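Values in this document were obtained by computation on a predicted structure and should not be read as measured data. Below, read A as the first sequence line, B as the second, and so on, with proteins coming before strands; counting in each chain starts at 1.
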2 protein chains.
Amino acid sequence: MPKTNLCRVMEESVDQAVEGNAQGRIRKANIERIMKAAEKVFASSGFRGSTTAAIAAEANLPKANIHYYFGTKEKLYRAVLDDIVDLWLSSFKGLGENDDPAATLSEYIRGKMELSQRRPEASRVFANEIIRGAPRINSYLSTELKDWVEEKSAILDKWIEQGRMASVDSKRLIFHIWIMTQTWADFEAQWSAILGRKNGLEPLDFDMATNAIITTVLRTCGLVPLPPRH
Amino acid sequence: MPKTNLCRVMEESVDQAVEGNAQGRIRKANIERIMKAAEKVFASSGFRGSTTAAIAAEANLPKANIHYYFGTKEKLYRAVLDDIVDLWLSSFKGLGENDDPAATLSEYIRGKMELSQRRPEASRVFANEIIRGAPRINSYLSTELKDWVEEKSAILDKWIEQGRMASVDSKRLIFHIWIMTQTWADFEAQWSAILGRKNGLEPLDFDMATNAIITTVLRTCGLVPLPPRH
DNA sequence: AAAAAACTTGACCATTTGGTCAGATTTTGG
DNA sequence: CCAAAATCTGACCAAATGGTCAAGTTTTTT
């Protein structure tokens, strides 16, 4: 009864975060394996450029097996996207709980950079979807993510109001923090070519980028003394 | 003699900037028309996702006509990419001629933002290529662009040395200026969804972004007084 | 105006690729 | 241990797509 199975996969991917559903061992392991392979392939070839055959090869499984678990390439792609959206949302929780502006912002930037370093493929799949016009995640962008931004920019605005940081355009600041951090995953090819890293960016590169971004943001917010000159 | 024609197209696309080569009127007009259509389609569907049929439809020409002028989809794509690289390089000239750090940086940012606003599709095609790992433009990145960055970051470093601006990581600053400006083209779908712009970003949005970026960069470089607080 | 060159295009083809399926094998529940 | 459920997979198929071509039409050249 393949159809039934299919549906189950989809439903579970939705409330996957809820808990270890009553998936069989084999099912669970294979789904994870396939999604991992798919994320990699989608990141490097885009949706249309990725073939189910290539995903199957990456996962070391016959192609029919991919279709057994996910039905269509589109459904597999959406499952991968959903997974990434969850990851994003969880990384968003952070900002604003700590009450110290400088520490809060620094910590948030560090968290985002760690994500870029740890899951660059996820970032690229997401970036690709947005460049294409975000046809599949528009509702997520204009509801959850929009709300999150409004909530967090309100916190920044409050801090500004209270004179605890300099006046800034809080929403654009958030946007710019996002892309400065994500670009180190998305555009790694460009930065490593320019920096002459023949084997991709090194951990040190991520550290330097993190420091540069924190410096930029804290100075923008007037949270560090006027930068010294020679 | 289609083959011969093909070669000619390719050569001319290379030294296209040189001048109005001895192309026939019809040829010139059609090539321009096809490339314009192709840029749009490639931007919204990526290389693999774009079909020559879709490009033909966008250009209002029969598909065979596209192949008559460009031979293969790959060659058409490279022609479009080359064009974009030229555009990029020309936008790079600017930085550093003016001798005032604040004015120079502001002007550079304004120029980049204008490009994002005027040619968003070009930016997206380029971004897409880089996310995919830049297979076709690696040599450009690691030669011309690398040299440009080294030259310009040296200017910034000199200014820092002379105490004319605060100490910053000059290369990362350049990288971050690039992405902050380009993201307003590349990720337009995301920003407009979050900002609740149902019909895409408006001119005012670009102005606000420009100001936000200039503020960030000048504060980072200590080129404006310590930002005031309430 | 006639020949040559350039351009146009409908019809066609080979390959790629997403997806199906039926029969075989393995795992699981009782 | 056995039947039912789940999993596996090679072989296949239909549709989409990049690319070709030959027979025309238009433009340019002389």
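- Under the 4.0 Å criterion applied to side-chain N and carboxylate O atoms, A/Glu107 and A/Arg110 are assigned as salt-bridge partners.
- Taken to the nearest 0.5 Å, the CD atom of A/Gln182 stands 11.0 Å off from the CE atom of A/Met113.
- Ring geometry for A/His176 against B/Trp184 counts as perpendicular: the plane angle is over 60°, on a 0 to 90° scale with 30° as the lower cut.
- Annotation: side chain of B/Lys171 is not in contact with side chain of A/Trp191 (no heavy-atom distance under 4.5 Å).
- Taking atom CD1 on B/Ile34 and atom P on C/dC7, their separation rounds to 11 Å, with Å as the unit.
- In terms of phosphate contacts, A/Arg48 brings a side-chain nitrogen or oxygen within less than 4.0 Å of OP1 or OP2 of D/dT17.
- Close to D/dC8, at under 4.0 Å from its OP1 or OP2, lies a side-chain N or O of A/Asn30.
- Put simply, NZ on A/Lys28 is 14 Å from P on D/dT7, counting in whole angstrom units.
- The residues A/Glu58 and A/Lys36 are annotated as not salt-bridged, no charged nitrogen and carboxylate oxygen being separated by less than 4.0 angstrom.
- Of the side-chain N and O atoms in B/Tyr68, one or more sit less than 4.0 angstrom from OP1 or OP2 of C/dC7.
- For the pair A/His67 NE2 and D/dT7 C1', the interatomic distance rounds to 16 Å; values are reported in whole Å.
- Ranked by how close their nearest DNA chain C nucleotide is to the 5' end, B/Ile66 and A/Lys73 are led by B/Ile66.
- Of all non-hydrogen atoms in A/Ser50 and A/Ser45, the two that sit nearest each other are OG-CB, 3.5 Å.
- Interface residues of residues 51-65 of chain B facing DNA chain D, ordered by number: B/Thr51, B/Thr52, B/Lys63, B/Ala64; criterion, heavy-atom separation under 4.0 Å.
- The two residues B/His67 and B/Thr72 make their nearest non-hydrogen contact at CD2-CA, 4.3 Å.
- Taking atom CD1 of residue A/Ile26 and atom P of nucleotide D/dT7, one finds them 7 Å apart after rounding to whole Å.
- At least one side-chain nitrogen or oxygen of A/Arg27 sits closer than 4.0 Å to the OP1 or OP2 atom of D/dT7.
- The distance from atom CZ of B/Phe70 to atom P of C/dT8 is 13 Å, rounded to the nearest whole Å.
- The distance from atom CZ of A/Arg25 to atom P of C/dT26 is 14 Å, rounded to the nearest whole Å.
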